[in-house]
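Naming convention: chains lettered A, B, ... in sequence-line order (proteins, then strands); numbering from 1 in each chain.
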Protein chains: 2
Amino acid sequence: MGKVKRKEEILTTACHLFSQKGYHGTTMRDISEACGILAGSLYTHIRSKEDLLYEITDRGAQSFLQSLQQVVNSEKSAAEKLRLALRAHIQVVAENIEAATVFFHEWKALTGERRKQIQKKRDQYELMWKQILLEGIQSGELHDLDGKFARLLLLSVGNWLYQWYKPDGKLSVDEIVDRFMTILLYGFLGQKEGIHFESGRNVYETDQTG
Amino acid sequence: MGKVKRKEEILTTACHLFSQKGYHGTTMRDISEACGILAGSLYTHIRSKEDLLYEITDRGAQSFLQSLQQVVNSEKSAAEKLRLALRAHIQVVAENIEAATVFFHEWKALTGERRKQIQKKRDQYELMWKQILLEGIQSGELHDLDGKFARLLLLSVGNWLYQWYKPDGKLSVDEIVDRFMTILLYGFLGQKEGIHFESGRNVYETDQTG
DNA sequence: ATAGAAAACAAGCGCCCGTTTGTTTTTATA
DNA sequence: TATAAAAACAAACGGGCGCTTGTTTTCTAT
């Protein structure tokens, strides 16, 4: 097995096991067995168990930050920016479902400086959402909106996704985003005027949950 | 220390530590030290560590089920039922924030039959939400609504609450529910006609998160 | 083909885990 | 106040934990 490859294999394997059994519920022997080597051999490639967790969560944080940065920099209407932001978020989760699970579920198992760094990136991310919403409110496009709770709503939806999303589900990321955004923009009671989806029928069951 | 009291103290302490450090990250010695007794003495009151986790999560599940059952049985409009359901959910989380944290974050650490039982109650709970939304859609009150995603939205908001809610926050449960429901019923773009709150001003910062 | 580097092995370190056992102390009841 | 039950202690069990060390095997580049 090549040099860099084994390191990545260990990370992927750890990510898989952490997402399934949790960080503290996964042992180095679990990881080594899944990789087909002995536990001690892992330490040729990594320095510690916590290093694995940090690498996984930090990569996750970077993915979220980078994808949202593009949205913030874009020049679109507030509503469109919100859609793009939610789309970016959901895409990161959907395309890295195991890493996202570890990111959301296990990052607090980090200790000391490492944890602070991840916390910092989470704060940065939240700040970017704040910015998008604040712009929309100040420009009047999102009149009368409680920015704080709008943000909590959006992040709740995006962050909870890892709990139910299954990669082999019937709906694409775009279809999921469309359904959420329709409700978020116009509400349970509002009309969906001016919005059209290629698959916009109202079907109660479109099962994607596990 | 009395008979039943010590058992409850152990449960409360375990709940606190599980919510902070996770189930696998908490040791029996952690719990015993916080209770001021030796680790072995715990076993006068409990049978195993997993028993503690099961008791906590099962009580949580019962709280959610009971509070929502009352809403399902009530005779209200669909929109009002949704509000009451979200209120019930948020109230359970807010009034038992540590237990809720363990319930949402650690229930998968249960094994075998115990885990299946909690899963079953979670399914029951979701079914009750489905029922409320289905009634509202079939009666026409929630016209054109994608019930599946409306439910995901509501449960995302309710389930993510444990991640940011602080008991010493400035807003009451009712105020939180009002803010979420306003957005959920009328959307980011819609008018909030016919709705009035005693504290309905639009302030961007109403900090409640940690 | 062979020297040097990288990777994996084999063994085990010290420590902590959940739990058990046998004894002592505390509590409740008569 | 005597007595039995309940609770807590003291000590340790078997085992698994993250990780290290010293050696052997495998790969890579000349």
Side-chain angles (χ1 to χ4, degrees), chain A residues 1-58 102 105-115, chain B residues 1-58 102 105-115:
Chain A
M1 194 72 52
K3 303 169 192 181
V4 183
K5 283 186 145 184
R6 181 66 95 181
K7 171 84 183 289
E8 287 303 312
E9 184 198 5
I10 292 169
L11 270 171
T12 306
T13 305
C15 188
H16 175 67
L17 290 171
F18 289 171
S19 76
Q20 234 178 271
K21 324 198 314 177
Y23 175 71
H24 288 301
T26 303
T27 72
M28 296 307 278
R29 285 166 180 87
D30 288 338
I31 298 170
S32 72
E33 278 171 30
C35 289
I37 59 178
L38 296 187
S41 306
L42 290 172
Y43 291 84
T44 305
H45 308 277
I46 64 163
R47 293 218 320 264
S48 71
K49 187 188 182 188
E50 190 168 331
D51 273 23
L52 285 173
L53 180 58
Y54 179 72
E55 185 98 23
I56 293 165
T57 50
D58 192 57
V102 176
H105 220 93
E106 305 295 336
W107 76 276
K108 285 194 175 176
L110 289 169
T111 62
E113 197 54 42
R114 297 266 186 72
R115 177 160 160 178
Chain B
M1 193 73 51
K3 303 170 190 181
V4 182
K5 281 187 149 186
R6 181 66 95 181
K7 172 84 183 289
E8 287 303 312
E9 184 197 6
I10 293 169
L11 270 171
T12 305
T13 305
C15 188
H16 175 68
L17 291 171
F18 288 172
S19 76
Q20 234 178 271
K21 324 199 314 176
Y23 174 71
H24 288 301
T26 303
T27 72
M28 296 307 279
R29 284 167 180 87
D30 289 338
I31 298 171
S32 72
E33 277 170 31
C35 289
I37 57 178
L38 297 187
S41 307
L42 291 172
Y43 291 84
T44 305
H45 308 277
I46 62 163
R47 292 217 322 264
S48 71
K49 188 188 183 188
E50 190 168 331
D51 273 24
L52 286 173
L53 180 59
Y54 180 72
E55 185 98 23
I56 293 165
T57 51
D58 192 57
V102 176
H105 221 93
E106 305 295 337
W107 75 277
K108 284 192 175 176
L110 290 169
T111 62
E113 195 56 40
R114 295 256 179 85
R115 178 161 161 178

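A:Thr44 comes within 4.0 angstrom of a nucleotide base, judged by non-hydrogen atoms across all strands. Using a 4.0 Å heavy-atom criterion, one finds that B:Thr26 contacts the sugar-phosphate atoms exclusively.
Of all the residues in residues 108-115 of chain A, not one reaches under 4.0 Å from DNA chain C with any non-hydrogen atom.
B:Phe18 is listed as a side-chain neighbour of B:Ile31, based on a closest heavy-atom distance under 4.5 Å. Considering only heavy atoms from C-beta on, B:Leu38 stays 4.5 Å or farther from B:Ser32 through its side chain. In this structure the side chain of B:Ile37 reaches within 4.5 angstrom of the side chain of B:Arg6, judged on heavy atoms. Between A:Leu53 and A:Glu106 the shortest side-chain heavy-atom distance falls below 4.5 Å. Looking only at side-chain heavy atoms (C-beta outward), B:Thr13 and B:Glu9 come within less than 4.5 Å of each other. The shortest side-chain heavy-atom distance between A:Leu52 and A:Met28 falls under the 4.5 Å cut-off.
Distance, B:Ile10 CD1 to D:dA8 C1': 11 Å, rounded to whole Å. Distance, B:Ile37 CD1 to D:dA6 C1': 13 Å, rounded to whole Å. A straight line from NE2 of B:His45 to C1' of D:dC9 spans 12 Å, rounded to a whole angstrom. The separation between A:His24 atom NE2 and C:dC16 atom P is 15 Å, rounded to whole Å. In this entry the distance linking CZ of B:Arg6 with P of C:dT27 reads 11 Å, nearest Å. Summarising the geometry, the separation between CG on A:Leu17 and P on D:dC17 is reported as 12 Å, rounded to the nearest angstrom. Rounded to whole Å, atom P of D:dC17 lies 14 Å from atom CG of A:Leu38. Atom CD of A:Glu33 and atom C1' of C:dC9 are 15 Å apart (whole Å).
Remark: B:Cys35 SG to B:Leu11 CG distance equals 9.5 Å, nearest 0.5 Å.
Note that A:Lys108 lies outside the cation-pi zone of A:Tyr23, set by a 6.0 Å cut-off to the ring centre and a 45° limit from the axis.
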N/O-N/O pairs, protein side and nucleotides 19-22 of chain C side, under 3.5 Å:
from	atom 1	to	atom 2	distance (Å)
C:dT19	OP2	B:Tyr43	OH	2.4
C:dT19	OP2	B:Lys49	N	2.9
C:dT19	O5'	B:Tyr43	OH	3.2

What N/O pairs connect the protein and nucleotides 23-25 of chain C at under 3.5 Å? Give each pair on its own line.
none

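The pair B:Asp51-B:Arg114 counts as a salt bridge, with a side-chain nitrogen and a carboxylate oxygen less than 4.0 angstrom apart.
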_salt bridge (charged side-chain N to carboxylate O under 4.0 Å, His left out) between A:Lys5 and A:Glu8, intermediate numbers included_ = CA-CA 5 Å; A:Lys5 283 186 145 184; A:Glu8 287 303 312; over 6 Å; no
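Taking each heavy atom of A:Ala109 and A:His24 in turn, the nearest pair found is CB-NE2, 4.0 Å.
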